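A short worksheet on the structure shown next.
Whatever order the structure lists ligands and atoms in, that order sets their numbers, starting from 1. Note that the structure is predicted; figures quoted are calculated from it, not measured.
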Amino acid sequence: MMITITGTPGTGKTTVSQLLHQRLDSKLISINSLLDDYDLNLGTDEVRGYRIVDTEAMIPIINDIKNENAETLLIFEGHLAQDYPFSDLIVVLRCDPLILKERLSHRNWKDKKVDENVSAEILGVCTSESYETYGDIVQEVDTTNKSPEEIVDILVKIIDGDVVCPLGVIDYLGKYFNLLD
Ligand code: ADP
Ligand code: MG
């Protein structure tokens, strides 16, 4: 069984995935750690300061890890994790764009990179990309005003099949379209 956790940078993927990993017997794979262990780097977008990830090359690597851990709960987390198409569950973490902007302001990123990510959250880019890969099995969790522990509680219920958080509930566009970059 594999759960993919994606979302705009700053929505809490790494924090929440590590807590979930502590809570459940599981193996945690983060895209950032794969970048250290495998050659997935296609270079850097100098204007924005992004590392460009070779998500095509990521697919056979994850397939191998999956095959080697067939009996284990796999938690796969990272921005662009939605480009891996063979997960059983996929959850997009969402966060109020103003809170996200505040969090990203601590990352020492270029303003352009912060603003693009805030706009991506307003527009739900990660959700629409996840939908392109997975269709309506994609779930969304609004993390705003929830502690990481509370979010993990929800994820455990999603894994157990006790809760479904369907698409179409979270919409930041109506409130924040004027902040679009
Ligand atoms: P991501 O991996 O999605 O980029 P992180 O897990 O690195 O996000 O979290 C970004 C920042 O937000 C960190 O400083 C983290 O401590 C904080 N954070 C994450 N989740 C929450 C939450 N539910 N409530 C408050 N702060 C959070
Ligand atoms: Mg992270």
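Environment of CD in Glu149: crowded, with over 12 heavy atoms of neighbouring residues, nucleotides or ligands closer than 6.0 Å. The number of heavy atoms from other shown groups lying within 6.0 Å of OH (Tyr131) does not exceed 12. No more than 12 heavy atoms of other residues, nucleotides or ligands sit less than 6.0 Å from atom CG of Asn108. Counting heavy atoms of neighbouring residues, nucleotides and ligands inside a 6.0 Å radius, atom CG of Asp111 does not exceed 12 of them. The environment of Asp162 atom CG is dense: over 12 non-hydrogen atoms of other residues, nucleotides or ligands sit within 6.0 angstrom.
For the side-chain contact (heavy atoms from CB on, under 4.5 Å) with Gln82, the lone residue among Thr6, Thr127, Thr55, Val92 that qualifies is Thr6. If you run side-chain contact (heavy atoms from CB on, under 4.5 Å) between Leu93 and each of Thr143, Thr15, Asp142, only Thr143 comes through.
For atom 23 (N) of ligand 1, the nearest non-hydrogen atom of the protein is Lys146 O, 2.8 Å. Nearest protein heavy-atom contact of atom 16 (O) of ligand 1 is Thr15 OG1, 4.1 Å. Atom 26 (N) of ligand 1 has its closest protein heavy atom at Arg103 NH2, 3.3 Å. Nearest protein heavy-atom neighbour of atom 20 (N) of ligand 1: Gly12 CA, 3.8 Å.
Closest non-hydrogen pair, Lys66 versus Leu74, comes out as CG-CD1, 3.6 Å.
Looking at Val16 next to ligand 1, no N or O pair under 3.5 Å apart turns up. At least one N or O atom of Gly10 sits closer than 3.5 Å to an N or O atom of ligand 1. Annotation: Glu77 places no N or O atom under 3.5 Å from an N or O atom of ligand 1; distance criterion only.
Contact between Pro148 and ligand 1 is present, with at least one heavy atom of the residue lying under 4.0 Å from the ligand.
Listed by number with element, the atoms of ligand 1 under 4.0 angstrom from any heavy atom of Pro9 are 4 (O). Against a heavy-atom cut-off of under 4.0 Å, Ile151 is close to the following atoms of ligand 1: 23 (N). Near Arg107, the atoms of ligand 1 lying under 4.0 angstrom from a non-hydrogen atom of the residue are 1 (P), 4 (O), 5 (P), 7 (O), 8 (O), 10 (C).
Between Asp153 and Lys146 there is no salt bridge, since no side-chain nitrogen of the basic residue lies less than 4.0 Å from a carboxylate oxygen of the acidic one. A salt bridge does not link Lys13 with Glu77: none of the charged nitrogens is closer than 4.0 Å to a carboxylate oxygen.
Distance check on atom 9 (O) of ligand 1: some protein heavy atom falls below the 4.0 Å cut-off.
Separating the CZ atom in Arg94 from the OG1 atom in Thr144 is a distance of 9.0 Å, to the nearest 0.5 Å. If you take CE on Met1 and OG on Ser26, they are separated by 11.5 Å, rounding to the nearest 0.5 Å. Going from atom CG of Asn117 over to atom NZ of Lys112 covers 11.5 Å, rounded to the nearest 0.5 Å.
When non-hydrogen atoms are compared, ligand 1 lies under 4.0 Å from the backbone of Lys13 as well as from its side chain. When heavy-atom distances to ligand 1 are checked against a 4.0 Å cut-off, His79 has no atom that comes that close, whether in backbone or side chain.
Here the protein contributes Thr14 OG1 as N, O or S atoms under 2.8 Å from the Mg ion (ligand 2).
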